[in-house]
Amino acid sequence: MQQKMITEKKLILRGEWLYVFLGLVIMMVLGTVYSWSVFRLPVEELYNVGAAQSGLPYMTALLFYSLFMFLTGRFFKTWGPRSTILVGSLLVSIGWILSAFAPNIQVLTVTYGVISGAGVGIAYGAPLAVVTRWFPEKKGLVIGLVLLGFGLSPLLTAPLARTLVEQYGVTKTFLVLGVVFGMLLPLLSMPFKYPESEGAEGVGSFGANAGVHDVTSAEMMKSAHFKGLYFNFIIGTMIGLMMIGLTSSIGIELIGMAQKDVVLFISVFAVFNGIGRPVFGWLTDRLSAKTAMLLSYAQIITAAVLMLSAKNGSVGLFAAAFSIFWFNVGGWLAIAPTATNNLYGPKHYSQNYGIVFTAYGIGAVLGVSSSGLLLDTFQNYDYIFYLVIASCLMGSLLTLVLFKGNREYKNEAAAEKHLPDLAGRNSSH
């Protein structure tokens, strides 16, 4: 009997990794938004607009992505992961398809930005909610692995988008991708279930002190650590999303590369983006959010300094600097969810991270709008890198002030480890 239970448990554990894999693939599809730099110059030519306006669909997509992740976080328990992903998938597909018929940049901002961005936000949180319940003791790792797909997306979608744009034009590319997404995402969502649905014994049993370190959203927002996490997430995502959106333009206009070569580099950068998620998820879990944040800022400053010395033909500097930029974008998207779970517990994780994730939308608006205005005003990329360095210094100061040592963080993380089964059961409460 005991041997049978051990065998069944092994089968369950083996099955758990299916959710990680499917979540990674779903994130890879949703992460097509990171390939916007491939569309940016064709969109400028199509609608005869400048850098500030061509960034509007991208900025709006990221804003609504964060907004709808916040709005839907509280409904994960009642909707279920499958239904949540299906609703998000439908909006993503509709948004891309309607973008094919947008007559101007304003309509494209609504179709691509509002509609598809909202869909990404709805679907994004569901795979994370599932894997954190199935892997309560490996949250940082599995969150990073699932988010690896979002980061790796441009590895596949950027070359695909470039090929489609060259052969069929940007509008037909929107149409093709919208149809493909509408067929693929619903299929990938079918297996998703919380542990109780699978009858996973023991996965969700309460510990004796369950709930002690589970902090509500209202309580979370009063803490100094929340302010530190929130404002640093704004800065980290502002820098990262700004640099992702400008990768193609900087490669072509500042470094003098051909567009096809830049797209190949974007695929490489996507690998760094993906790797950054499990790496920083692990660092945040093992060390602290404070350490991970300061390490990220140091790397970003190094990359910005490299780009300030770059000129036409400096392909090596471009490759090194943007590998660092993309690596750290992935890093911040693992630091924030892992720190939220460790600091405030898994019981209210969906709602809590939904609030924290609104910082992503603010960062997107600040980053894309400020970079567009700087470029349109000064016609010089150096000002972008000055902004990046200043923002990192401000973020480092905020981190040192609001995270006054790692002790409290480690104590909360350690206390939460006494509740290894909480994540599984809380999905039914």
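Values below: all heavy atoms of this structure, side chains included; hydrogens, waters and symmetry mates excluded.
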Quiz item: Do you know which of Ile335, Leu398, Leu402 makes side chain to side chain contact (heavy atoms under 4.5 Å, CB included) with Asn232?
Solution: Leu398

Practice problem: Assess the side chains of Ser223 and Tyr344: does a donor N or O sit below 3.5 Å from an acceptor N or O? | Solution: yes

Quiz item: Taking the six-membered ring for Trp, are Tyr112 and Trp36 parallel (under 30°), tilted (30 to 60°) or perpendicular (over 60°)?
Solution: tilted

Quiz item: Between Val107 and Asn104, is a side chain to side chain contact (heavy atoms under 4.5 Å, CB included) present by the stated rule, with each step listed?
Solution: CA-CA 6 Å; Val107 174; Asn104 52 53; 3.3 Å; yes

Practice problem: Name the orientation class of the two ring planes belonging to Phe68 and Phe64 (parallel below 30°, tilted from 30 to 60°, perpendicular beyond 60°). | Solution: parallel

Quiz item: Would you say the side chains of Glu44 and Ser54 form a donor-acceptor pair under 3.5 Å?
Solution: yes

Practice problem: Taking atom types as modelled, find out whether Thr157 and Ser35 have a side-chain donor-acceptor pair closer than 3.5 angstrom. | Solution: yes

Quiz item: If you look at every heavy atom in Leu188 and Pro191, which pair is closest and at what distance?
Solution: O-CD, 3.4 Å

Quiz item: What's the spacing between Ser116 OG and Ile94 CD1 if we round to 0.5 Å?
Solution: 11.0 Å

Quiz item: Under the side chain to side chain contact (heavy atoms under 4.5 Å, CB included) criterion, do Leu366 and Ile362 qualify, and how do the steps go?
Solution: CA-CA 6 Å; Leu366 291 176; Ile362 296 172; 3.9 Å; yes

Practice problem: Supply the atom-to-atom distance Leu46 CG to Leu41 CG, rounded to the nearest 0.5 angstrom. | Solution: 12.5 Å

Self-check item: Parallel, tilted or perpendicular, as decided by the 30° and 60° cut-offs, for the rings of Tyr19 and Phe192
Solution: tilted

Practice problem: Give a yes-or-no answer on whether the side chains of Thr399 and Ser396 include a donor-acceptor pair shorter than 3.5 Å. | Solution: no

Quiz item: Counting only heavy atoms not in Phe272, do more than 12 fall under 6.0 Å of its CZ?
Solution: no

Quiz item: Taking side chain as C-beta onward, heavy atoms only, is Leu148 less than 4.5 Å from Pro278?
Solution: yes

Practice problem: State, yes or no, whether a side-chain contact exists between Phe174 and Leu98 at a heavy-atom distance under 4.5 Å. | Solution: no

Exercise. For side chain to side chain contact (heavy atoms under 4.5 Å, CB included), just list the numbers for Met307 and Tyr381, CA-CA rounded to whole Å, side-chain angles, deciding distance to a tenth of an Å, and then say yes or no.
Key: CA-CA 9 Å; Met307 286 307 300; Tyr381 284 104; over 6 Å; no

Self-check item: Result of checking Phe357, Phe325, Phe280, Tyr297 against Trp332 for ring pair (Phe, Tyr, Trp, His ring centres under 6.0 Å)
Solution: Tyr297

Quiz item: Is any side-chain heavy atom of Val329 less than 4.5 Å from a side-chain heavy atom of Ile244?
Solution: yes

Exercise. Flag the pair Val179 / Trp96 as yes when at least one side-chain heavy-atom distance between them is below 4.5 Å, and no otherwise.
Key: no

Practice problem: Please determine, by modelled atom types, if Asn328 and Ser296 share a side-chain donor-acceptor pair under 3.5 angstrom. | Solution: yes

Quiz item: Mind checking whether Leu333 and Phe233 have side chains closer than 4.5 Å, heavy atoms only?
Solution: yes

Identify each donor-acceptor pair in which a side-chain atom of residues 385-393 lies under 3.5 Å from a protein atom, sequence neighbours left out, and give them as a table.
| unit_1 | atom_1 | unit_2 | atom_2 | d |
| --- | --- | --- | --- | --- |
| Ser391 | OG | Leu387 | O | 2.8 |

Quiz prompt | Any Met27 side-chain heavy atom under 4.5 Å of Tyr124 side chain | solution = yes

Practice problem: Would you kindly say whether Trp326 and Thr247 are connected by a side-chain donor-acceptor distance under 3.5 Å? | Solution: yes

Self-check item: Other residues, nucleotides, ligands: >12 heavy atoms within 6.0 Å of Met190 CE
Solution: yes

Exercise. Quick one: do Leu375 and Leu246 satisfy side chain to side chain contact (heavy atoms under 4.5 Å, CB included)? Show the steps, please.
Key: CA-CA 10 Å; Leu375 284 176; Leu246 290 173; 3.7 Å; yes

Quiz item: Does the side chain of Met242 come within less than 4.5 Å of Ile384's, by heavy atoms?
Solution: yes

Quiz item: Do Val120 and Met69 have side-chain heavy atoms sitting under 4.5 Å apart?
Solution: no

Practice problem: Drop me the distance from Tyr65's OH to Phe70's CZ, to the nearest 0.5 angstrom. | Solution: 16.0 Å

Practice problem: Answer with yes or no after comparing the ring centroid distance for Phe269 and Phe318 against a 6.0 Å cut-off, counting only values under it. | Solution: yes

Quiz item: Quick one: which of Ile355, Asn352, Leu343 gives a side chain to side chain contact (heavy atoms under 4.5 Å, CB included) with Phe226?
Solution: Ile355

Self-check item: Worked verdict on Phe265 versus Phe322 for ring pair (Phe, Tyr, Trp, His ring centres under 6.0 Å)
Solution: CA-CA 9 Å; Phe265 272 94; Phe322 275 82; over 10 Å; no

Quiz item: Are Thr111 and Ser99 linked by a side-chain donor-acceptor pair shorter than 3.5 Å?
Solution: yes

Quiz prompt | Which atom of Arg162 lies closest to which atom of Val263, heavy atoms considered | solution = CD-CG2, 3.2 Å

